[in-house]
Amino acid sequence: MLDTLLDLTDTQKEIRELARAFAREHVAPFAEQWDREAHFEPSLVGKLGEAGFLGMLIPEEYDGLGLDTSSYLLALEEIAAADASTAVLMSVHNSLPTQMILRWGTDAQKERWLRPMARGELLGAFALSEPDSGSDAASLRCQAVRDGDDWVLTGTKAWVSSGTHAGVIVAMARTDTADMRRGGRGISAFIITPDLPGFSIGKKERKMGLCASPTVSLVFDEMRVPADRLLGEINYGFVYAMQSLDHGRMGIASQAVGIARAAFEAARAYADQRQQFRRPIRDFQAIQFKLADMASRVTGARMMLHATARAKDRGDKVTIYSSMAKLLASETAMFVADEAVQIFGGYGYVKEYPVERYLRDAKVTEIYEGTSEIQRVVIARELYT
Ligand code: CAA
């Protein structure tokens with residue numbers, strides 16, 4: 001839809017077609033039911049893995065597909081247009097834990113964790129936030145204390161997407177426990193697996209949207225973590241998390257574009273067939289102007305995102321652009337989904353049509369991986385450095 005400006009390569013078009021076909025067969029037919037029943041479908045992970053969608057950015061030498069960022073974001077948009085809950089699983093896995101292990105992991109860590117993650121045999125999650133540490137991520141309190149050959153982690157991580165089914169979680173904990181004023185500088189990243197003694201899954205959230213994506217807290221009760229699970233250098237975990245979020249935010253932007261596109265397409269089709277005052281409602285300029293605004297915003301957000309993806313693949317620092325892309329795309333998703341409900345009228349407000357789900361799912365894209373307010377903070381800071 002309105003993507004000729006993207007100037008895609010043949011490979012990118014092929015990847016998008018593959019993702020579209022996958023979504024049509026394995027995701028779209030079930031999205032309404034999964035949402036209604038708040039059901040996470042475990043078999044989906046294996047299917048996504050087999051199709052290569054969980055190793056898109058991992059090099060072939062580690063069993064991934066080694067694709068460019070735009071290809072990954074195109075696939076993600078297709079999945080999100082079918083089901084935003086499935087998209088967040090794919091986005092978090094591809095953008096955060098796998099990228100962190102690829103970038104900062106040792107050879108042994110890559111062999112042990114990255115390879116099965118690329119094949120979809122292990123699902124990845126990311127644990128930064130805590131009950132009292134959200135936007136102010138550097139204030140996290142989960143502690144990691146060295147004891148012999150282990151680290152002992154104590155604390156609670158919150159809002160962990162896919163946390164019930166994750167086989168590998170990259171979690172941030174405070175290693176400099178003496179001085180909280182060191183903020184981000186006293187935090188390290190660890191590779192956590194659910195089999196560690198002291199690990200348990202805490203509260204499962206009941207949510208407004210993204211109901212088929214389990215969001216849980218994780219409890220670390222004097223959890224013993226072998227020293228070789230430290231990821232990268234001690235006390236650098238916060239910086240790693242921030243750098244990874246530059247990438248993660250592009251994934252959420254793509255999810256938002258997918259939701260917005262689905263809402264636009266549904267509204268456009270409905271406007272063609274809905275008759276009022278003896279004509280299809282698309283004949284009314286009030287509806288045409290809504291559709292024009294919706295299409296313009298979807299196209300603009302997608303263009304911003306893919307320009308950022310290209311800059312990233314050239315090796316540029318994209319902190320400001322990924323925050324802009326997420327801000328624009330998530331506000332687009334809310335605007336477009338809201339307008340779609342309006343075009344559907346009463347039918348948009350009931351669960352017979354998918355547009356009310358799009359509106360509920362869109363909201364979280366303005367919240368997670370940094371709220372819209374935090375994206376503005378990041379953008380404003382970058383403008384002045
Ligand atoms: N790239 C590289 N380094 C970065 C960076 C970036 N994008 N951002 C920060 N850093 C570095 C800084 O240079 C600094 O390093 P020095 O100590 O050497 O100076 C260090 O990290 C600390 O940075 P700040 O001083 O900027 O830290 P801050 O405390 O002021 O916080 C913030 C900055 C941008 C507000 C940050 O806390 C933030 O992004 N908050 C939002 C948290 C967030 O996005 N959480 C998402 C949770 S994950 C999730 O939602 C996943 C899911 O399941 C869907």
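It should be emphasised that the depicted structure is a prediction, and the values quoted were computed from it without experimental measurement. Each ligand, and each atom within it, is numbered from 1 in the order the structure gives.
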Would you confirm whether Ser162, through its side chain, and His165, through its main-chain N or O, come within 3.5 Å as a donor-acceptor pair?
-> no
Atom 3 (N) of ligand 1 [closest protein heavy-atom partner, distance rounded to 0.1 Å] = Val239 CG1, 3.8 Å
Any donor-acceptor pair under 3.5 Å linking the side chain of Arg282 with the backbone of Ala269?
-> no
Please work out whether the ring planes of Trp34 and Phe30 are parallel, tilted or perpendicular, with thresholds of 30° and 60°.
-> parallel
Would you call Glu17 and Arg20 a salt bridge, taking side-chain N to carboxylate O under 4.0 Å as the test?
-> yes
Identity and distance of the protein heavy atom lying nearest atom 25 (O) of ligand 1 | Arg381 NH1, 4.4 Å
Do any heavy atoms of Gly248 fall under 4.0 Å from ligand 1?
-> no
What's the shortest distance from atom 52 (C) of ligand 1 to any protein heavy atom, and which residue and atom give it?
-> Ser161 OG, 3.5 Å
Tyr72 and Ser254: side chain donor to acceptor below 3.5 Å = no
Closest non-hydrogen protein atom to atom 7 (N) of ligand 1, residue and atom name please, with distance?
-> Asp246 OD1, 3.2 Å
Between the main-chain N or O of Arg141 and the side-chain N or O of Glu130, is there a donor-acceptor pair closer than 3.5 Å?
-> yes
List every atom of ligand 1 that sits less than 4.0 Å from any heavy atom of Thr319, numbering the atoms from 1 in the order shown and giving each element.
-> 7 (N)
Contact check: Gly370 vs ligand 1, nitrogen or oxygen atoms, below 3.5 angstrom | yes
Taking the six-membered ring for Trp and the single ring otherwise, decide whether the centroids of Trp151 and Phe190 are under 6.0 Å apart.
-> yes
State whether any protein heavy atom lies less than 4.0 Å from atom 13 (O) of ligand 1.
-> no
Going through the distances and angles, do Tyr240 and Val170 end up as a side chain to side chain contact (heavy atoms under 4.5 Å, CB included)?
-> CA-CA 11 Å; Tyr240 299 159; Val170 172; over 6 Å; no
Distance under 6.0 Å and angle within 45° of ring axis: Arg185 vs Tyr236 | yes
Residue part near ligand 1, for Glu373, under 4.0 Å between non-hydrogen atoms = neither
Can you check whether Trp104 reaches Glu233 side chain to side chain, under 4.5 Å on heavy atoms?
-> no
Closest protein heavy atom to atom 49 (C) of ligand 1, given as residue, atom name and distance to 0.1 Å | Glu369 CG, 3.5 Å
Check: of Gln255, Met172, Met242, Glu382, min heavy-atom distance to atom 10 (N) of ligand 1 comes from Met242
Are a donor atom and an acceptor atom from the side chains of Arg381 and Thr319 found within less than 3.5 Å of each other?
-> no
Quick check: does any side chain N or O of Ser139 sit under 3.5 Å from a backbone N or O of Asp136, one acting as donor and the other as acceptor?
-> yes
Any heavy atom of Val377 under 4.0 Å from ligand 1? The part involved is neither
Just distances here: any N/O of Ser129 and N/O of ligand 1 closer than 3.5 Å?
-> no
Is any heavy atom of the protein nearer than 4.0 Å to atom 42 (C) of ligand 1?
-> yes
In terms of side-chain geometry, is the basic nitrogen of Lys317 or Glu382 positioned less than 4.0 Å from the acidic oxygen of its partner?
-> yes
Output the list of atoms in ligand 1 that are nearer than 4.0 Å to some heavy atom of Phe126, sorted by atom number.
-> 48 (S)
Under the 4.0 Å line, does any protein heavy atom show up next to atom 19 (O) of ligand 1?
-> no
Check ligand 1 against Trp159 and write out every atom of the ligand that is under 4.0 Å from a heavy-atom position of the residue.
-> 53 (O)
for atom 15 (O) of ligand 1, nearest protein heavy atom and its distance come out as Arg185 NH2, 3.8 Å
Sub-4.0 Å atoms of ligand 1 with respect to non-hydrogen atoms of Arg249 | 39 (O), 41 (C), 43 (C), 44 (O)
Worked verdict on Arg360 versus Cys211 for side chain to side chain contact (heavy atoms under 4.5 Å, CB included) | CA-CA 9 Å; Arg360 289 186 287 108; Cys211 297; 3.9 Å; yes
Examine Tyr368 against ligand 1 and note whether any of their N/O atoms are separated by less than 3.5 Å.
-> no
Exam field: side chain Lys157 to backbone Met172, donor-acceptor pair closer than 3.5 Å = yes
Numbered atoms of ligand 1 (with element) below 4.0 Å of Gly134, judged on heavy atoms | 42 (C)
Residue, atom name and distance, where the atom is the protein heavy atom closest to atom 22 (C) of ligand 1 | Phe238 CE2, 3.6 Å
Just distances here: any N/O of Asp136 and N/O of ligand 1 closer than 3.5 Å?
-> no
Donor-acceptor pair between Asp361 and Gln255 side chains, under 3.5 angstrom = no
Any idea which protein heavy atom is nearest atom 2 (C) of ligand 1, and the distance to it?
-> Gln243 CG, 3.2 Å
Got a protein heavy atom sitting under 4.0 Å from atom 5 (C) of ligand 1?
-> yes
Hey, is atom 36 (C) of ligand 1 touched by any protein heavy atom at less than 4.0 Å?
-> yes
Lys204 versus Thr164, side-chain donor and acceptor atoms under 3.5 Å | no
Could you list the atoms of ligand 1 found under 4.0 angstrom from a heavy atom of Val378?
-> 34 (C)
Val160, portion touching ligand 1 at heavy-atom distance under 4.0 Å = neither
Ala138 heavy atoms within 4.0 Å reach ligand 1 at atoms 29 (O)
